Amino acid sequence: MNCVSTKKLLLAGAGHAHIDLLRSIINSSEPPKHLQITLVTEQPQTIYSGMLPGWMAGHYNLADISIDAQALCEQAGVTFIQQSLAKVDAASGIVTTADDKQLDYDVLSLNTGANTDLRWLNKAQDQLPANTETAVVPTQFPTQVVAVRPISLFIERWQQIIEEAKQPACYQLAVVGAGAAATELVLAAQYALRRINPNHQAYLVCGDELLSGFNQRFKKQVIKQLHRHKVQIVYERALGYSEGQLHTSRQPLAIDALIAATGVTGSTWTKHTDLSTVDHGFIAVNKVQQSISHPNVFAVGDVATRVDQKMAHSGVHAVRGGAVEADNLLAYLADQPLHSYDPRLRTLYLLSCGDKYAIASWGDYSLQGRWVWQLKKRIDKSFVKVGFN
């Protein structure tokens, strides 16, 4: 009689890859055998970042943009633990959570996301303009500074901003960042704030260049939409924040709140791991999303960086790379070949413009209109709702 030992698969985080895996298990006619699966994540609900600007603008409620990871675990027969990661000891195969609970594994998958890069808030005093009288940013960030990630904290803080904006005659908010995410956020913020009071104002502080990497036609269309919504574009570098002022490379800007959409850096727990990391705390992975130092560990999404090729941290790669990584986990456990994630040369990007209007970018081509927003809405809602209908 052959005895097959049960293997332990530990899923850390509830990002796209793990949501895909849970859904595939639920929909499979033959669920994986001899496999004990546990999901540990900080929140029972996963917020779909692609719909976050639409929620900010008031087009969706939280339920519309949330995926119930805990419910998916129950349907898939997966153990759910609500807790954040504190340490990953890959040599011993043990993950420690924030409440000091230790979880052992045979295979680990990391899909925890990352933190907003706020290092620019720690610029030295001599990097501020000569006429700046205020001291540089304190080591602890003030409550007016709102990081986009982690998203759960951003959700809470944005709701507070909306309440705060109902009081004054003029409320000023700045979004710092030069990418598509920052652009969507500032358009959504301006739309929401102007619905409260036409005197409210949103600024986009983007440095020297906006939307680097996109074609010129797309950039011009986006800038036109920023102007249409009367968003003030500040082509200056943000250097710090203190006492109600955002310091830039030219002059300070008085604001009531600041949203940082300035890229990502490794999660706090990556400071406490023996996994190979690169670029300030990202897990180093190969073309199959496998750790280059520990082959029984996989990582995908913002927590990971590919070392075999240059690849931006973006939602597109998180979704598509996550689907490949989900399949590779089961393949690895079954001793089957692993598949590489080969990003397409051109990807479709849909940028929402505050109101129900959007711009599509595909290589050198771009289109815009309310029908593009409806297309984006249909794609986004299908991703969030699949498996729940």
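For clarity, every value in this text was computed on a predicted model and none was experimentally measured.
Without hydrogens or angle criteria, Ser267 side chain to Trp269 main chain gives no donor-acceptor distance under 3.5 Å. Listed for the Asp117 side chain is a donor-acceptor partner under 3.5 Å among the backbone atoms of Arg119. For Asn296 (side chain) and Asp106 (main-chain N/O), a donor-acceptor pair under 3.5 Å exists by modelled atom type. Using a distance-only test at 3.5 Å, with no hydrogens or angles considered, a donor-acceptor pair links the side chain of Asn197 to the main chain of Ala169. A distance-only check finds no donor-acceptor pair linking the side chain of Asp302 to the backbone of Ala114 [under 3.5 Å]. Under a 3.5 Å cut-off, the side chain of Thr183 and the backbone N or O of Gly179 do form a donor-acceptor pair. The closest donor-acceptor contact from the side chain of Thr273 to the backbone of Thr270 lies at 3.5 Å or more, if one exists at all. A donor-acceptor distance shorter than 3.5 angstrom exists from the side chain of Asp256 to the backbone of Gln172, with no hydrogens or angles considered. For the pair Asn215 (side chain) and Gly363 (backbone), a donor-acceptor distance under 3.5 Å is present. The closest donor-acceptor contact from the side chain of Gln368 to the backbone of Ala358 lies at 3.5 Å or more, if one exists at all.
If you take CD on Gln83 and NZ on Lys101, they are separated by 10.0 Å, rounding to the nearest 0.5 Å. The distance from the CG atom of Leu72 to the CG atom of Leu39 is 9.5 Å, given to the nearest 0.5 Å. Rounding to the nearest 0.5 Å gives a distance of 9.5 Å between CG of Leu367 and OG of Ser361. The distance from the CD atom of Gln70 to the OG1 atom of Thr46 is 11.0 Å, given to the nearest 0.5 Å. With values rounded to the nearest 0.5 angstrom, Glu184 atom CD is found 4.0 Å from Leu351 atom CG. Of the inter-residue distances, the one linking Cys353 atom SG with His229 atom NE2 reads 6.0 Å to the nearest 0.5 angstrom.
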side-chain contact (heavy atoms from CB on, under 4.5 Å) between Ile359 and Val222: does it pass, once the steps are laid out? CA-CA 7 Å; Ile359 307 173; Val222 173; 3.8 Å; yes

Apply salt bridge (Lys or Arg N to Asp or Glu O under 4.0 Å) to residues Asp208 and Arg237 and explain how you reach the verdict. CA-CA 7 Å; Asp208 297 332; Arg237 290 186 300 112; 5.7 Å; no

Taking it one step at a time, do Val146 and Trp158 satisfy side-chain contact (heavy atoms from CB on, under 4.5 Å)? CA-CA 8 Å; Val146 186; Trp158 176 251; over 6 Å; no

Determine whether Thr97 and Ser84 satisfy the following criterion, side-chain contact (heavy atoms from CB on, under 4.5 Å), listing intermediate values before the conclusion. CA-CA 6 Å; Thr97 63; Ser84 58; over 6 Å; no

Run Asp355 and Arg370 through salt bridge (Lys or Arg N to Asp or Glu O under 4.0 Å) and show every step you take. CA-CA 9 Å; Asp355 52 358; Arg370 299 198 177 277; 3.7 Å; yes

Is there a side-chain contact (heavy atoms from CB on, under 4.5 Å) between His339 and Asn328? Walk through the geometry before answering. CA-CA 7 Å; His339 298 284; Asn328 279 344; 4.0 Å; yes

Do Asp364 and Arg217 pass the salt bridge (Lys or Arg N to Asp or Glu O under 4.0 Å) test, and can you show the C-alpha distance, the side-chain angles, and the key distance before you say yes or no? CA-CA 8 Å; Asp364 293 331; Arg217 176 178 169 84; over 6 Å; no

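Side-chain atoms of Gln289 and Tyr341 include no donor-acceptor pair closer than 3.5 Å. Residues Ser242 and His247 have side chains that bring a donor and an acceptor to within less than 3.5 angstrom of each other. For Ser352 and Trp373, the side-chain atoms include no donor-acceptor pair closer than 3.5 Å. Counted by atom type alone, Glu164 and Tyr171 present one or more donor-acceptor pairs between their side chains at under 3.5 Å. Side chains of Glu42 and Ser152: no donor on one and acceptor on the other come within 3.5 Å. In the model, Gln36 has no side-chain atom that pairs as donor or acceptor with a side-chain atom of Thr6 under 3.5 Å.
Between Ile37 and Ile25 the shortest side-chain heavy-atom distance falls below 4.5 Å. Residues Cys206 and Ile233 meet the side-chain proximity criterion, which asks for heavy atoms closer than 4.5 Å.
Outside the 6.0 Å centre-distance limit, the rings of Phe218 and Tyr365 are not counted as a close aromatic pair. Taking the six-membered ring where the residue is Trp, the centroids of Tyr191 and His200 are separated by 6.0 Å or more.
Hydrophobic clustering (ILVMFWY, side-chain heavy atoms < 4.5 Å, transitive): Tyr60 and Leu185 are in one cluster. Connection of Trp362 to Leu375 is established within a shared hydrophobic cluster, with ILVMFWY side chains joined at heavy-atom distances below 4.5 Å, either directly or through further cluster members. Hydrophobic clustering of Ile, Leu, Val, Met, Phe, Trp and Tyr side chains at less than 4.5 Å, counting indirect connections, unites Trp371 with Leu348. Under a hydrophobic clustering in which Ile, Leu, Val, Met, Phe, Trp and Tyr are joined whenever their side-chain heavy atoms come within less than 4.5 Å, directly or via other members, Ile379 and Val372 fall into the same cluster. Clustering ILVMFWY residues whenever any of their side-chain heavy atoms sit less than 4.5 angstrom apart, transitively, puts Leu187 in a cluster other than the one holding Tyr357.
Cation-pi check for Arg23 over Phe383 is met; the charged atom lies under 6.0 angstrom from the ring centroid and within 45 degrees of its normal.
By the neighbour-count criterion of 12 heavy atoms within 6.0 Å, atom NZ of Lys219 is densely surrounded, having more than that number from other residues, nucleotides or ligands.
Salt bridge status for Asp64 with Lys381: absent, with no side-chain N to carboxylate O gap under 4.0 Å.
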